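Each remark here refers to the structure printed beneath this line.
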Amino acid sequence: MDSKEENIVTTTRSASLKTSQAPATQTKDLEFGGVPGVLLIMLGLPACLCLLLLMCKQKEPSLLNFPPPLPAWQDLWETRVFGVYILWFLMQALFYLLPVGKVVEGMPLADGRRLKYRLNGFCALLLTSAVIGAAVFWGADLYYVYGHFLQFALAAAAFSLGLSVYLAVRAAGAPPCALAPSSSGNAIYDFFIGRELNPRIGTFDLKYFCELRPGLIGWVVVNLAMLLAEMRLQNRAAPSLAMTLVNSFQLLYVVDALWNEEALLTTMDITHDGFGFMLAFGDLVWVPFIYSFQAFYLVGHPNEVSWPMASLIIALKLCGYVIFRRANSQKNAFRKNPADPKLAHLKTIHTSTGKDLLVSGWWGFVRHPNYLGDLLMALAWSLPCGFGHALPYFYVAYFTVLLVHREARDERHCRRRYGLAWEQYCRRVPYRILPRVY
Ligand code: NDP
């Protein structure tokens, strides 16, 4: 392995440029409703996952048919499925370790160090496609994923719980400089939010790996399995237009995330939150098994989409994508090099930390233009499922709650970090996500 990658480099930049402004000392104001809140979330999320998947399998997935009948134990757990899941995880870990792709530095940590990350997520996607293609060619049946979907989701949930316990145990001995700004010192809260910011085994960064690989690439494979299941169960020679739209839209989202992998390094997940149950469950379970919900729904509940309707949905998706991508790229380019001549036309506000804030361009439109783009895309993913049931719109509703809450968290961090400069930004850009509404 590249020896450069194994080292942690010490930055010469001034302390004022550090990303994690809250140093190793831990904050006491707990988010997510504190200990009772995170306990509720940790119990509620797996229950919600099971309920949604069981409801979606019903012939009539109306919210009035709640709760769905409880399945037998063998419909919930299968050791072979767990074995397949472990193989999948190990294959992704192997791809992550391949010495291909650029090595870049992350944002400065509280103690001034910068970690190195290898960017080979897109390569992992290509290799995975080759492996899945070869497996299907040699007779593997992806219908197995659809037929055992709940067992796969529960296998991933069990794995993420085991991983969270491992992370909590190893974090108990972590030095103060390794702790996440979001950690609190409370064992239950930290089990949820993650105590260590960047847990690594050698050069293997557990959080960075889980953020983009097993779950995100897994989501694409799940969607493909649903597309094939739809063709089989509905006796179709080709997938429906609705299924094609859902698959293409979400594939674009994943390809975009992997192609722009470096942008992950400036997100809250990497710079602020630790690695604990929240991200382990989110990345490994919620993303592949809930974000694929529309495709799962369409297998059992076909919906014919007309071409005029499809054109409107595609326009919505593209509109959301342009806002999302351009806003994220603009902020990322600015954070990487504020003196970039391509950004010279943008107005900024100076802050006492040394990092400036963009106040024109996308970030002068609303304070979180990237969230707006993401929400428009989420709506475009659900619309191909039609208006027969509310269930496929669960994702839009959940994602709105997530991003509104996330925006509030980020706002608190930024206000603490930038003080008066942030107040000034809020006065100049009064809306958070949706102009004139919120
Ligand atoms: P952002 O990428 O929006 O990052 C927020 C940070 O950006 C702030 O903490 C601040 O950090 C910086 N910032 C804020 N305002 C300005 C400004 N005016 N000028 C310059 N910098 C500014 O947040 P997230 O990490 O939440 O989201 C990243 C992307 O991931 C988004 O597109 C989001 O939609 C998406 N996402 C998707 C999820 C999913 O499940 N699909 C879940 C969560 C997020 P600093 O000043 O320290 O640089």
Side-chain angles (χ1 to χ4, degrees), residues 16-22 106-110 181-182 211-212 215-216 219 249-250 253-254 256-257 260-273 278-279 281-288 290-292 320-338 343 346-378 381 395-396 398-419 421-422 424-426 428-429 431-433:
S16 63
L17 278 176
K18 289 163 193 164
T19 18
S20 308
Q21 291 299 315
M107 301 303 280
L109 300 172
S182 57
E211 280 273 302
L212 289 186
L216 206 70
W219 176 16
F249 290 167
Q250 298 185 348
Y253 194 77
V254 174
D256 175 86
N260 297 290
E261 186 178 355
E262 195 175 352
L264 182 70
L265 299 177
T266 60
T267 62
M268 255 165 86
D269 285 1
I270 296 294
T271 62
H272 183 81
D273 293 334
M278 178 177 80
L279 288 181
F281 191 86
D283 294 339
L284 302 178
V285 187
W286 205 251
V287 168
I290 291 295
Y291 287 22
S292 58
Y321 177 69
V322 169
I323 299 175
F324 165 84
R325 174 55 27 235
R326 298 192 78 164
N328 276 326
S329 296
Q330 194 170 69
K331 191 222 5 173
N332 206 43
F334 183 69
R335 279 287 170 256
K336 262 175 77 182
N337 178 16
L343 305 173
L346 295 176
K347 295 197 182 85
T348 58
I349 295 179
H350 187 65
T351 81
S352 59
T353 66
K355 282 211 279 190
D356 292 349
L357 291 168
L358 288 167
V359 73
S360 72
W362 288 105
W363 297 82
F365 177 53
V366 282
R367 297 206 294 273
H368 263 98
N370 48 355
Y371 290 2
L372 174 63
D374 226 342
L375 285 170
L376 294 179
M377 289 196 285
W381 299 352
Y395 177 73
V396 190
Y398 140 81
F399 203 45
T400 306
V401 172
L402 180 131
L403 289 183
V404 165
H405 178 253
R406 196 172 171 92
E407 195 281 334
R409 285 182 72 207
D410 192 47
E411 185 92 3
R412 251 196 322 274
H413 303 153
C414 288
R415 182 158 281 127
R416 198 182 302 144
R417 209 178 293 153
Y418 299 121
W422 188 260
Q424 197 188 339
Y425 176 49
C426 293
R428 288 186 60 174
V429 185
Y431 292 99
R432 295 161 186 258
I433 299 179

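We count residues from 1, following the sequence as given. Note that ligands are numbered from 1 as they come in the structure, with each ligand's atoms numbered from 1 the same way. Just so you know, these numbers come straight off a predicted model, no measurement behind them.
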Please report whether ligand 1 has a polar contact with K331, defined as an N or O pair separated by less than 3.5 Å (distance criterion only).
yes

Counting heavy atoms under 4.0 Å, the part of T267 that contacts ligand 1 is both

Find out whether K331 and P369 are in side-chain contact, i.e. whether some heavy atom of one side chain is under 4.5 Å from a heavy atom of the other.
no

Less than 3.5 Å between some nitrogen or oxygen of N328 and one of ligand 1, yes or no?
yes

So is there a nitrogen or oxygen of D410 less than 3.5 Å from a nitrogen or oxygen in ligand 1?
yes

Near Y418, which atoms of ligand 1 are under 4.0 Å from a heavy atom of that residue?
45 (P), 46 (O), 47 (O)

Within-shell test, H413 vs ligand 1, heavy atom, strictly < 4.0 Å
no

For Y425, counting its heavy atoms only, list the atoms of ligand 1 lying under 4.0 Å from any of them.
18 (N)

Verdict with supporting geometry, N332 and N328, side chain to side chain donor-acceptor pair (under 3.5 Å):
CA-CA 6 Å; N332 206 43; N328 276 326; over 6 Å; no

Could you grab the distance from atom CG of L358 to atom CG of L346, nearest 0.5 Å is fine?
5.5 Å

Mind checking whether H272 contacts ligand 1 via backbone (N, CA, C, O), side chain (CB onward), both or neither, at a 4.0 Å heavy-atom cut-off?
neither

Can you tell whether the side chains of D410 and R432 come within less than 4.0 Å, N to carboxylate O?
no

I need the Y291 OH to W381 CH2 distance, nearest 0.5 Å.
7.5 Å

Output the distance between atom OG (S352) and atom OH (Y418), rounded to the nearest 0.5 Å.
9.5 Å

With a 4.0 Å heavy-atom cut-off (strictly under), which part of R406 contacts ligand 1: side chain, backbone, both or neither?
side chain

Return yes or no for this condition: an N or O of Y253 is under 3.5 Å from an N or O of ligand 1.
yes

I'd like to check W363 versus N370 (side-chain heavy atoms, cut-off strictly below 4.5 Å). Are they in contact?
yes

Check whether any side-chain heavy atom of V366 lies under 4.5 Å from a side-chain heavy atom of I433, and answer yes or no.
no

Should the pair R409-D273 be classified as a salt bridge under the 4.0 Å nitrogen-to-oxygen rule?
yes

Assess W286 for proximity to ligand 1: is some non-hydrogen atom of it under 4.0 Å away?
no

Are the side chains of R416 and W422 in touch, meaning some heavy atoms are under 4.5 Å apart?
no

To the nearest 0.5 Å, how far apart are CZ in R417 and NZ in K355?
6.0 Å

Can you tell which of Y371, W422, F334 gets a heavy atom nearest to atom 26 (O) of ligand 1?
Y371

Going by distance only, is there an N or O of D356 that falls short of 3.5 Å from an N or O of ligand 1?
no

Please state whether D269 comes within less than 4.0 angstrom of ligand 1, counting heavy atoms only.
no

Please say whether L358 places an N or O atom under 3.5 Å from an N or O atom belonging to ligand 1.
yes

Test of understanding: given a 4.0 Å heavy-atom threshold, classify the contact between D374 and ligand 1 as side chain, backbone, both, or neither.
side chain

W363, any N or O under 3.5 Å of ligand 1 N or O:
no

Would the number of heavy atoms belonging to other residues, nucleotides or ligands and lying under 6.0 Å from CZ of R326 be above 12?
no

Which of the numbered atoms in ligand 1 are under 4.0 angstrom from any heavy atom belonging to F324?
32 (O)

Within a distance under 4.0 Å of any heavy atom of H368, pick out the atoms of ligand 1 and give their elements.
3 (O)

Hey, does R417 come in under 3.5 Å of ligand 1, counting only N/O atoms on both sides?
yes

Short list, please: which atoms of ligand 1 are under 4.0 Å from a heavy atom of C414?
8 (C), 9 (O), 10 (C)

May I ask you to check if ligand 1 and F399 share an N or O to N or O distance below 3.5 Å?
no

For the ring pair Y398 and W286, is the centre-to-centre distance below 6.0 Å?
yes

